[in-house]
Every structure is written in C-alpha cells, then in structure tokens.
Amino acid sequence: MFFTKYFSIAEMKAWSLDQRQKGKTIGFVPTMGALHEGHLSLVRIARQHSDTVVVSIFVNPLQFAPHEDLDRYPKTLEKDVELLKKEGVAVVFIPKASEMYSPHFQTVVEVTELSKHLCGNSRPGHFRGVATVVLKLFQIVNPHIAIFGDKDFQQRLVIARLVKDLGLEIKILAGPIVREADGLAMSSRNQYLSLDERKRACVLYEALTKALTMFQSGERNSARIIMKVSEMIDKVSPTHVDYMKICDAETLEEVWSIQKKAILAVAVYFNKTRLIDNVILSHPERSEGSV
Ligand code: PAF
C-alpha cells in the first residue's frame, strides 16, 4: 500500500483514523523534502517502531524569516516520493500551504524557554513556526510515534516539551546524526555549498570530534573547549560564526563547567549557507546514546 496522490487534510485524517480502527500503530516523520540518508534513517526508525509510516513533505513558511531561504529551499519532490516508496512508507502527505494556512490563520504555539537559546536566538520566531506546524501535522496525521533527527537537537527538545506540556499521546524518538564519509552532517542545505565550501565545511565535524576527545580526556572547562573548536573552525575562514556554545543538554542554558550531560552546538555560515552541527558531551555511564 503506497499513496502518492495528494491527500487533503480531511483525507489524511480519515486514513489515520481508519488505520487506528484497524489496530495499526502510525509512525510519523515530518520533513521539508529534499530528502537524504538522514531523513531515510528516520523513516527506518519509524518502521521499526510502528506498523505503518507517514512522511510529510511541507516547506513551512512560518519557520522562515523574510530574509531566509524559503524561496530557494531545494525541491526534489519526485525523487523524494520514489525514495520513500522504496523505504516502504504508506503515505507521503504533501499538504498545500493554502490548506495549512488559510488567509485568516492567526494561531501559533510557542515553547517559550527552550526556543530562546542557540538557533532561537539567531532565528527569532523560527521555533514558533516549527512548533505550530508540527502541532498541526500531529493533529492531522494523529501518529503514535514521531521521529526527529538529532542534528536539529534543539528542535527535538522543543517538540518533546510541546508534547509533554500539551499532554499529547505521541512518543518522540530521536534519530542519530547521519554523516557524509568525511563527517559533514547530512543536510538538505549542503547542496548550496560550492565545492570549495563543501571541502572546508568538514572542519565542523573535526572540531566537534576534537572537543569530544578533550572532554573524554577530562576537560570540563567550556571556555577551553570552545577556544580549541573556534581555533579549528576559524582556520577554514567561514563567512560568519553564528554561535558556538556548550549548553545543558536538557535546558539548553549555557554552562561554563560541564558537570552533567551537555551539548556543544555550532552554527556557521559559509557564504549564505548556514550549517549546524553538535556533539553530546557526557560521561559514557550517563550517556543516553546520542552521537
Ligand atoms: O526539520 C524539519 O525539516 C522541519 O523543521 C520540520 C520538523 C519538518 C517542521 O517543518
């Protein structure tokens, strides 16, 4: 069973209800398309944990600021659908922007604290847009589980908080970061990089790996780790370093001394392309299996 036809919101809801009535569990992977191995790894996790899988493809205007890359966001719809078909996905849900957001649309949802830090600080309103669309998609697809990748670690925390705070009966699962052979985290935005930028961009992984090694050798001082990471990244002359921070992995508050599970998160521009990456810094015995 595979649907490529455009389900309206009403049809998608009816399909999910029918599956539930048949006793099937629904796994859900929301995406903005331009799919790569990272997305497909989330689909595989969804398949392992549910009877049937829905993937949405929707480039959500609400999470882009006016100067961001909404208009040039890569679109590879036919290829995406083919890939999802091969992965055994039951429905590719491709809602129309006009159906998702009527001209009178004015309701948003915001996860106030977690959205303030890291990407939220440099992209005001971004997580409000993400939380709003994901909540809408959850209402439509009505999944039992939903999978979010850890490259967007903050996004996963925001969604997990939203689910808890609103009492939604959806289990949020994390997918580990999937990397290219040279370590660059897979992202739909990697295709914006020129050949030269692409080569330089793998320094992000090298710097995060160095940070992890320092942490594993006993370094707990955030400033010293950040100094090393910054030195390595500066060497390849990115256009701009948006942030480079070590934060508590639950609250995302910045920490100066790493005493519990933390995340080192970076956002760097190569020209107009903004890349994000992260590594978890935690004691192996306390690790929750991320990165
Ligand atoms: O991670 C993404 O691709 C998007 O932020 C999401 C979760 C599909 C919401 O638009």
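For ligands, and for the atoms within them, numbers begin at 1 and follow the listed sequence.
- With no hydrogens or angles considered, no side-chain donor-acceptor pair links Asn271 and Thr239 at under 3.5 Å.
- Counting non-hydrogen atoms of other residues, nucleotides and ligands closer than 6.0 Å to NZ of Lys24 gives a total of 12 or fewer.
- Near Val133, meaning under 4.0 Å from any of its heavy atoms, are these atoms of ligand 1: 9 (C), 10 (O).
- Looking only at atom types and distance, the side chain of Tyr192 has a donor-acceptor partner in the side chain of Asp69 under 3.5 Å away.
- The backbone N or O of Met32 lies less than 3.5 Å from no partner atom in the side chain of Asn60, so there is not a single donor-acceptor pair.
- Ranking the protein heavy atoms by distance from atom 3 (O) of ligand 1 puts Met32 CG, 3.5 Å first.
- Listed by atom number, the atoms of ligand 1 under 4.0 Å from Pro30 heavy atoms are 8 (C).
- Contact annotation: the side chain of Ser50 never approaches that of Ile26 to less than 4.5 Å [non-hydrogen atoms, C-beta and beyond].
- Counting the atoms of ligand 1 from 1 in the order shown, those under 4.0 Å from a heavy atom of Gln63 are 4 (C), 5 (O), 9 (C), 10 (O).
- For ligand 1 and Thr31, the ligand atoms under 4.0 Å from any heavy atom of the residue are 8 (C).
- Heavy-atom proximity to atom 6 (C) of ligand 1, evaluated over Lys151, Gln155, His126, is greatest for Gln155.
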